[in-house]
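Working notes for the structure below.
Residue numbering restarts at 1 for every chain, and letters A, B, ... go by the order of the sequence lines.
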There are 2 protein chains.
Amino acid sequence: MFNRELVKGSTSLLVLQLLNERDMYGYELVKEMDRRSDHNLQMKEGTLYPALHKMEKQEYIECYWQNQKKGPARKYYRITAQGKEILAERTSEWHRYVQVMNNLIGKNES
Amino acid sequence: MFNRELVKGSTSLLVLQLLNERDMYGYELVKEMDRRSDHNLQMKEGTLYPALHKMEKQEYIECYWQNQKKGPARKYYRITAQGKEILAERTSEWHRYVQVMNNLIGKNES
DNA sequence: GTATATACCTAATAATTCTAGGTAGGTGAA
DNA sequence: TTCACCTACCTAGAATTATTAGGTATATAC
């Protein structure tokens, strides 16, 4: 939907925000982002899974397996205390970025 | 200033917007972005020059040399009709992107 | 004559995303 | 019962873009 490069860099912000609301598994994150963005943010699995693994290494999130009665097991992710700090930073950065951009390109156009 | 990946993808939008206001040369674009963003967007020359050359190939902009009485010659860039179309698209895309993101991460925080 | 500012440029590296696969469990229809 | 499809995980290679770290040249100030 969006220019791939424009959205680049907001993956971790989005994931941390969703996990801050509740624990989710990878496949669910993809569907949830699609749903809540009205199909505007269609993150690919090939983008999400490596990003999750990186954030796990950085200890922004941690995971646990949950077997299902039906279907494949799910790997749930939970945000850590450190992850919440990063989320706050990234959110603040996002808002500053939008302000700066809007100043430059004109807030009121189309 | 900002996460390098967050800003990725907005280079062409920024350049087209500035050139839509008036013709500028590369070095000036770098300084002008820095100034108008209160030093938040410090685009590197290594980012800008290749981006300008690409947009020239795409015919979004065109250039002309202007010799100076003092100092090195300047390569001025002018936005084309096609560039103006792209600018309108990119601007609209930017605003949609901000809306979608704000919906997901919560408009009112920090 | 040396440092600094202006003004252009590029090759190599880094970071991220997408493409295009793969594995496996379970359901429903022909 | 086989084939398609959905769930759910994963990764290697290609593509894109930004930064780093240089280079060239003109002109001014000390």
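Considering only side-chain N and O atoms, A/K8 lies nowhere under 4.0 angstrom from the phosphate OP1 or OP2 of C/dC18. In this model, the phosphate group of C/dC8 is not approached by any side-chain N or O of B/Y27 to a distance below 4.0 Å at OP1 or OP2.
Between the NZ atom of B/K57 and the P atom of D/dT17 there is a distance of 12 Å, given to the nearest Å. Rounding to whole angstrom units, CG of residue B/L52 and P of C/dC9 are separated by 8 Å.
A salt bridge between B/E93 and B/R96 is absent, with no side-chain N of the basic residue lying under 4.0 Å from a carboxylate O of the acidic one.
The residue A/E45 sits close to a base: some heavy atom pair falls under 4.0 Å. As judged by a 4.0 angstrom heavy-atom cut-off over every strand, A/G26 is placed among residues touching the sugar-phosphate backbone only. Across all strands shown, B/A51 has no heavy atoms under 4.0 Å from either base or sugar-phosphate atoms. Counting any heavy atom pair closer than 4.0 Å across all strands shown, A/G71 reaches sugar-phosphate atoms only and no base atom.
For the residue pair B/S10 / A/Y97, a side-chain donor-acceptor distance below 3.5 Å is found, with atom types taken as modelled.
In plain terms, the two heavy atoms of A/E21 and B/L104 that are nearest each other are OE2-O, 4.1 Å.
Ranking D/dC9, D/dT28, D/dT17 by closeness to the B/K70 side chain, first place goes to D/dT28. In this structure, of D/dT7, C/dC8, D/dT26, it is D/dT26 that holds the atom nearest to the side chain of B/P72. Closest to the side chain of B/Y77, from the set C/dG26, D/dT28, C/dC9, is C/dC9.
Side-chain contact between B/L13 and A/L6: absent, with no pair of heavy atoms (C-beta onward) separated by less than 4.5 Å.
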